[in-house]
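These notes concern the structure reproduced below.
Since this is a predicted model, take the numbers as computed values, not measurements. Proteins get letters first, then strands, A, B, ... in listed order; numbering begins at 1 in each.
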Amino acid sequence: MCGRKTLTKDKLEIIANYLVEQWEEDFVWKPSFNIAPTHITPILLHDQVRKIKPMRWGLIPHWADDMKIGNKMINARSETLTEKRTFSNLLKQRRCVVISDGYYEWKIEKKIKRPYYIHYADNSFLSMAGLWSTWINQAGEKINSYTVITTLPQEEISHIHNRMPAILSGKDIEKWLNCETSLDIALELLKPIEQKLKYYPVSIFVNSPMNNSIKCIQLMNDKELSLL
DNA sequence: CCAGACGTTGTT
DNA sequence: GTCTGG
DNA sequence: CCAGACGTTGTT
DNA sequence: GTCTGG
């Protein structure tokens, strides 16, 4: 699955990489090494133009009467998207790309949880397929939120975890975002990617969502390595 | 018809 | 054990 | 995802 | 809001 990730790129890099035409006014993005559920991150949409909107991680369905439900909606299984009421209605018009440049998985090793950082070898952008929704709170404010779609992991990283985010690259990004794309074709994009990902164990520093520095993605130290 | 759920993951 | 908050 | 709380009453 | 279960 995917319950923690990074986006260490800044606004200008995001705009350049995704050919963003519109960045939501007043949204200030600060790069993060430790994005946890509930955090607000830039999300890419294609609504007339390519635009970035700030959204909260953990999808809050429009019918929810409490935003807490978002805690349980951080991921959506690609295999069952069309069967689940909460997600199926979003598939047609509410597809988005969750912008990141790596994510964390925890592997149980000898009863301890070891975080691994998974990323492209060149640390380039990693585009996750997502769905989003708008929820209106009691004060009448609109809150946009998203979920990351998961799929089977690539062989190379399946020993770490049995799920991975659905990753898009190249022309698939536009296909996923474009509402003209038929549902069948869009769903076809949610398969494990061909491109290989790199991974390495990191310090448990990343475990606490309060910690956010380059230490999160540094290789675990010698003392921790010796415990492996 | 109304009531009640609506989700994923990991672990046991 | 389970839920909430980050 | 992990970490940390999980409760009420009365008093300050 | 919409679907499932009763």
Applying side chain to side chain contact (heavy atoms under 4.5 Å, CB included) to A:E155 and not counting sequence neighbours gives none
Any link between A:I14 and A:F33 through a network of hydrophobic side chains (Ile, Leu, Val, Met, Phe, Trp, Tyr) touching at under 4.5 Å?
-> no
Considering just the side-chain nitrogens and oxygens of A:K5, establish if one lies under 4.0 Å of OP1 or OP2 belonging to D:dC1.
-> no
Starting at CG of A:L91 and ending at P of E:dT2, how long is that distance when rounded to a whole Å?
-> 15 Å
Between B:dT8, D:dC1, E:dG1, which nucleotide gets closest to the side-chain atoms of A:T150?
-> B:dT8
Just how far, in rounded Å, is P of D:dC1 from OH of A:Y103?
-> 13 Å
When rounded to the nearest 0.5 angstrom, what distance separates CG in A:N75 from CE in A:M164?
-> 12.0 Å
A:I60 CD1 to A:M67 CE distance, which is reported to the nearest 0.5 Å = 4.0 Å
Between A:R95 and A:L177, which heavy-atom pair has the shortest distance, and what is it?
-> O-CD2, 4.1 Å
Against the side chain of A:R163, the closest entry in E:dT2, B:dT9, D:dC2 is B:dT9
Salt-bridge present (A:R50, A:E174; N to O < 4.0 Å) | yes
Grab the two heavy atoms, one from A:W132 and one from A:C96, that are nearest each other, plus how far apart they are.
-> CD1-CB, 3.7 Å
Looking at DNA chain B, which of residues 204-215 of chain A put a heavy atom within less than 4.0 Å of it?
-> none
Quick one: list whatever passes side chain to side chain contact (heavy atoms under 4.5 Å, CB included) with A:S203, sequence neighbours left out.
-> A:F205, A:E224
Measure from CD1 on A:I74 to P on C:dG5 and round the result to the nearest Å.
-> 15 Å
Separation between CD1 of A:I193 and CG of A:L126, rounded to the nearest 0.5 Å = 6.5 Å
Pair A:R77 + A:E83: basic N to acidic O under 4.0 Å | no
Passes side chain to side chain contact (heavy atoms under 4.5 Å, CB included), A:T41 versus A:M55? Steps please.
-> CA-CA 6 Å; A:T41 68; A:M55 295 197 197; 5.9 Å; no
Least distance between heavy atoms, A:L168 atom then A:I173 atom = CB-CG1, 3.9 Å
Once you round it to whole Å, what is the distance between P of C:dG5 and CZ of A:R56?
-> 9 Å
Every protein N/O within reach of nucleotides 5-7 of chain B N/O, cut-off under 3.5 Å:
{"unit_1": "B:dA5", "atom_1": "N3", "unit_2": "A:R85", "atom_2": "NH2", "d": "3.2"}
{"unit_1": "B:dC6", "atom_1": "O3'", "unit_2": "A:T86", "atom_2": "OG1", "d": "2.7"}
{"unit_1": "B:dG7", "atom_1": "OP1", "unit_2": "A:R85", "atom_2": "N", "d": "3.2"}
{"unit_1": "B:dG7", "atom_1": "OP1", "unit_2": "A:T86", "atom_2": "N", "d": "3.1"}
{"unit_1": "B:dG7", "atom_1": "OP1", "unit_2": "A:T86", "atom_2": "OG1", "d": "3.3"}

Under 3.5 Å side-chain donor-acceptor pair for A:D122 and A:S124 = yes
Only stems of 3 or more consecutive Watson-Crick or G-U pairs count here, both distances under 3.5 Å; name the ones for DNA chain E, or none.
-> B:1-6 with E:1-6
Could you tell me whether A:P61 contacts a base, only the sugar-phosphate backbone, or nothing, with contacts defined as non-hydrogen atoms closer than 4.0 Å?
-> nothing
Could you tell me the separation between the CG atom of A:L90 and the C1' atom of E:dT2, rounded to a whole number of Å?
-> 12 Å
Give one of base, sugar-phosphate or nothing for A:N162, where a contact means two heavy atoms less than 4.0 Å apart.
-> sugar-phosphate
Nucleic acid contacts - residues 137-146 of chain A versus DNA chain B, non-hydrogen atoms under 4.0 Å | none
The side chain of A:K68 lies closest to which of these nucleotides: E:dG1, D:dC2, C:dG5?
-> C:dG5
Is there a side-chain contact between A:R85 and A:P61 (heavy atoms, below 4.5 Å)?
-> no
